[in-house]
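So that the names make sense, note that chain A is the first sequence line, chain B the second, and so on, each numbered from 1.
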2 protein chains.
Amino acid sequence: MIFTTKAEYGVRLMVELGRQAKPGGAATSLKAIAAAEALPLAYLERIVALLKKAGLVESTRGAHGGYRLSRTPAEITMDDVVLALEGTVAPMNCFVDDTDGSSRVLCSHESDSGHACATKLLWLRVQGGVMEKLAQTTLAELVEFSHREPAATASALKNEQEDLTHA
Amino acid sequence: MIFTTKAEYGVRLMVELGRQAKPGGAATSLKAIAAAEALPLAYLERIVALLKKAGLVESTRGAHGGYRLSRTPAEITMDDVVLALEGTVAPMNCFVDDTDGSSRVLCSHESDSGHACATKLLWLRVQGGVMEKLAQTTLAELVEFSHREPAATASALKNEQEDLTHA
DNA sequence: CGCCAATCCTACCAACGAGGTCGGAGATGA
DNA sequence: TCATCTCCGACCTCGTTGGTAGGATTGGCG
């Protein structure tokens, strides 16, 4: 399992906000999103707090308040979202995230044995692959994808999968 | 955290086996590996059992027994290893692994709301990125990497990282 | 002004999986 | 026979995660 369901819910929440993206328009209440996606409201509150702290989302309090995206969906890449929720995308606990956000490699097993920690090479590659895919995917893309019919999405996903396999 | 430390230990174990890869030669005892890598022996026993079940490793019991690779390091890719240990590389619990090994997408949230589950697109891409990197890396590569001096590996890793960022 | 609908915020809880241990039972060479 | 190793299953403990409870704030609206 690469990501937690917190990330799943967070992405789903962002997509739902993207669907109602009226530029300066009305905010969407969490309750509406929770109902639309059948997700626990109380838990969503905690998740959206992370998104807000990361500056991906704005809020207006009080009655008829809610949340809206602080950027257009096309300007939001999924590494922003996942990083805000997961804190860091590290394959292993060797990886300690640094101040600049890019994870540095600090492997404890290195000094013990005389030789280098070969697994670093592998985990670094994997992490690079993940971050690459996350950065390539924009929220606008997911929003557009969610507008299709479920039948159409199946074949679309199949194509993606094939593209990946013989890439 | 993408992978568990079980995968970390497993890869480390495989690398250590690869280092002593005499073609038909003597087997390496787990005790030796545990000592070399400063890993808990009892836990390694459970890990290597998975590797054996996956056919990546052979064993000879009794005194002077141990484990050896069942293929040459160049023929072993890391997706074999990780899959054997992790069971499945799925970004989310939506993903249920199928009989053929390739994970199918079964998302419960799909039928609820009228629209498609957009997160599937994202997770599928991420998973593809991970599997791609794993399949590209052979055990031989890691073994060769571990033979260098720690000083040399630092710069080598740095180059990898740079390659990834502006790729 | 007073109600209601929202965001906020903190503490709390239960369940699960993961890392790790223990003890023993089979094999096998010296 | 004895030491050494693989095997195997039952345990245990601890951190994290998903999820809840309950309340403060804030602000629109009648």
NZ-CD1 distance between A:Lys6 and A:Ile47, expressed to the nearest 0.5 angstrom = 7.5 Å
On DNA chain D, check which nucleotide each of B:Ala63 and A:Ala7 is closest to and give me the residue with the more 5' one.
-> B:Ala63
Can you check the [X] [atom1] to [N] [atom2] distance for me, whole Å?
X	N	atom1	atom2	answer
A:Leu44	C:dT7	CG	P	10 Å
B:Arg68	D:dC5	CZ	P	15 Å
A:Ile47	D:dT20	CD1	P	12 Å
B:Tyr9	C:dG19	OH	P	8 Å
A:Leu41	C:dT7	CG	P	7 Å
B:His64	D:dT6	NE2	P	12 Å
A:Leu85	D:dG18	CG	C1'	14 Å
A:Phe3	D:dG18	CZ	P	13 Å

At under 4.0 Å, does any side-chain N or O of [X] touch on OP1 or OP2 of [N]?
X	N	value
A:Tyr67	C:dC8	yes
A:Lys31	C:dA6	yes
B:Ser59	D:dT6	no
B:Lys52	D:dT6	no
A:Thr4	D:dG18	yes

Using the side-chain heavy atoms of [X], tell me which of these nucleotides is nearest: [options].
X	options	result
B:Tyr43	D:dC8, C:dG20, D:dG18	C:dG20
B:Arg61	C:dG29, C:dA5, D:dC7	D:dC7
B:Glu45	D:dT20, C:dC8, D:dC8	D:dC8
B:Leu30	D:dT6, D:dG28, C:dG20	D:dT6
A:Arg46	D:dC7, D:dG19, C:dG19	D:dG19

Indicate yes or no for a side-chain donor-acceptor contact from B:Thr77 to the backbone of B:Thr137 under 3.5 Å, with no hydrogens or angles considered.
-> no
Does B:Glu16 reach the side chain of B:Thr28, with side-chain heavy atoms less than 4.5 Å apart?
-> no
Sub-4.5 Å side-chain heavy-atom contact between B:Thr138 and B:Val143 | no
Salt bridge between A:Arg12 and A:Glu8, side-chain N to carboxylate O under 4.0 Å?
-> yes
Base, sugar-phosphate alone, or nothing: which one does A:Lys53 contact when heavy atoms must sit under 4.0 Å apart?
-> nothing
